[in-house]
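Proteins come first, then strands; the chains are lettered A, B, ... in the order of their sequence lines, and each starts at number 1.
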Amino acid sequence: MVEEHTLLFLRYLQSVFSSMIKEEHLKIENVKEVCAVDVAYNGKTGFAVASRGSFQEVVQHKVFSGAVDFPYISGYLFMREAPIMLKALEGFQCDLLLVDGHGTAHPRRSGIAVVLGVLLNLPTIGIAKSRLTGEILQDGGVNYVVVNGKKEGVKSGKYYYSIGNKVDLEDCVYVSKMGYPGILKETDRLTKKYKKGENESSKE
DNA sequence: GCGACAG
DNA sequence: ATCTTGTCGC
């Protein structure tokens with residue numbers, strides 16, 4: 001159980017992160033190296049996988065596993081997954097980091113993609129499989145995700161793409177039109193593979 | 001009180 | 001996220 005004063009503190013941290021977002025245009029066409037991160041769990045043990053490659057494929061990846069104590073609380077995912085994701089990302093360099101989760105399409109504009117982007121000072125885009133907050137506003141064939149009256153990202157198919165750091169709405173639209181990134185799909189697969197491997201070995 | 005609620 | 005088989009749909 002997490003105390004209310006702890007959540008209050010986390011909201012203070014989120015206000016700092018959101019105030020540090022650099023919303024600027026990153027020409028996706030110039031992006032060479034792409035990285036992605038995701039986490040899978042086997043009970044209390046988390047398996048974070050960081051990958052590097054292109055939008056469509058993984059060239060190399062690294063896994064970091066360890067106990068994850070903070071529980072999942074809607075709106076505070078960063079406290080549960082950012083620590084282990086940062087460990088997996090150590091040493092990885094890239095022009096853009098794709099994060100499994102929302103960026104500014106968050107109640108306080110401080111989703112996990114924002115947190116990682118600010119801490120690593122990297123361009124990041126959050127890509128989530130479901131809605132956390134916001135309404136959809138169609139405009140010119142694009143389904144924008146609007147939160148507190150501001151377009152924070154776009155919804156394409158069943159996925160939500162939102163600003164993390166050092167990118168803008170245009171970049172999000174561009175990436176969403178490329179379809180769900182193969183590197184994220186593959187990273188997710190790897191994440192479950194390691195989790196599963198842990199199950200097999202611990203079962204004789 | 002009721003409904004919503006990333007992974 | 002995770003527990004889980006077959007099954008309805010694009």
Side-chain angles (χ1 to χ4, degrees), chain A residues 1-2 4 6-7 10-11 13-14 17-18 21 36-51 63-89 97-119 124-136 143-148 150-165 167 172 175-176 179-181 183-200 202-203:
Chain A
M1 177 84 260
V2 176
E4 180 54 36
T6 299
L7 294 184
L10 294 182
R11 284 194 291 280
L13 290 183
Q14 293 182 321
F17 285 129
S18 64
I21 298 171
V37 278
D38 192 13
V39 183
Y41 300 86
N42 178 2
K44 207 173 187 19
T45 305
F47 295 79
V49 171
S51 304
V63 58
F64 176 81
S65 62
V68 174
D69 296 311
F70 204 86
Y72 165 72
I73 300 176
S74 180
Y76 304 87
L77 177 66
F78 83 102
M79 192 77 288
R80 176 175 170 75
E81 303 192 333
I84 195 171
M85 284 181 163
L86 285 169
K87 285 297 296 181
L89 285 164
L97 170 64
L98 303 179
V99 183
D100 192 322
H102 292 288
T104 57
H106 176 281
R108 295 169 292 282
R109 301 190 76 237
S110 190
I112 193 167
V114 167
V115 175
L116 293 182
V118 168
L119 291 178
T124 59
I125 288 180
I127 302 181
K129 307 178 189 65
S130 60
R131 190 192 82 102
L132 170 57
T133 187
E135 307 75 46
I136 300 304
N143 293 314
Y144 293 95
V145 178
V146 178
V147 182
N148 293 319
K150 185 179 185 305
K151 291 177 180 173
E152 302 287 12
V154 302
K155 181 179 190 299
S156 179
K158 48 184 290 194
Y159 301 104
Y160 296 75
Y161 303 71
S162 62
I163 297 169
N165 187 46
V167 297
C172 290
V175 172
S176 72
Y180 192 72
I183 189 174
L184 257 184
K185 175 60 181 168
E186 179 63 4
T187 300
D188 173 75
R189 195 185 66 69
L190 287 168
T191 224
K192 289 168 181 168
K193 173 187 153 191
Y194 285 111
K195 177 197 68 175
K196 193 173 188 178
E198 188 75 357
N199 281 321
E200 304 307 326
S202 62
K203 165 168 66 165

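Distance CZ (A:Arg108) to P (B:dA6): 13 Å, rounded to an integer number of Å. A:Tyr159 has its OH atom 10 Å from the P atom of B:dG7, to the nearest Å. The interatomic distance linking A:Tyr72 (OH) with C:dT2 (P) rounds to 14 Å, in whole Å. Atom NZ in A:Lys192 sits about 9 Å away from atom C1' in C:dA1, given to the nearest Å. Taking atom CG of A:Leu77 as the reference point, atom C1' of C:dT2 lies 15 Å away to the nearest angstrom. Distance, A:Lys196 NZ to C:dT4 P: 13 Å, rounded to whole Å. Atom CG of A:Leu190 and atom P of C:dA1 are 15 Å apart (whole Å). For the pair A:Phe70 CZ and B:dA6 P, the interatomic distance rounds to 15 Å; values are reported in whole Å.
Of the options A:Val63, A:Asp38, A:Asp100, a side-chain contact (heavy atoms from CB on, under 4.5 Å) to A:Thr191 is made by A:Asp38 and by none of the others.
Contacts of A:Tyr41 with the nucleic acid, taken as non-hydrogen atoms under 4.0 Å apart, involve only primed sugar atoms and P, OP1 or OP2. A:Tyr76 comes within 4.0 angstrom of a base, heavy atoms only. Among the protein residues, A:Ile73 comes within range of no part of the nucleic acid, since none of its heavy atoms lies under 4.0 Å from any strand. Contact annotation for A:Ala105: no contact, since no heavy-atom pair falls under 4.0 Å across all strands. No contact: A:Gly46 has no heavy atom under 4.0 Å from any strand.
Contact annotation: A:Arg131 side-chain N/O to B:dC5 OP1/OP2 distance is under 4.0 Å. Of the side-chain N and O atoms in A:Thr133, none sit less than 4.0 angstrom from OP1 or OP2 of B:dC5. Contact check, A:Lys195 against C:dT2: a side-chain N or O comes under 4.0 Å of OP1 or OP2.
Of the candidates C:dT2, B:dG7, B:dC5, the closest approach to any side-chain atom of A:Arg80 belongs to B:dG7. Of the listed nucleotides (C:dT2, B:dG7, B:dA6), B:dG7 has the atom at the smallest distance from the side chain of A:Lys129. Nearest to the side chain of A:His102, among B:dC5, B:dA6, C:dA1, sits B:dA6.
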**OP:** For the pair A:Tyr160 and A:Glu152, evaluate side-chain hydrogen bond (donor to acceptor under 3.5 Å, both in side chains) and give the outcome as yes or no after the intermediate values.
**Re:** CA-CA 10 Å; A:Tyr160 296 75; A:Glu152 302 287 12; over 6 Å; no

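No donor-acceptor pair under 3.5 Å is formed between the side chain of A:Ser18 and the backbone N or O of A:Ser110. In terms of modelled atom types and a separation under 3.5 Å, the side chain of A:Arg109 and the main chain of A:Thr104 share no donor-acceptor contact.
Salt-bridge check for A:Lys193 with A:Glu186: failed, with every basic side-chain N at 4.0 Å or more from each acidic carboxylate O.
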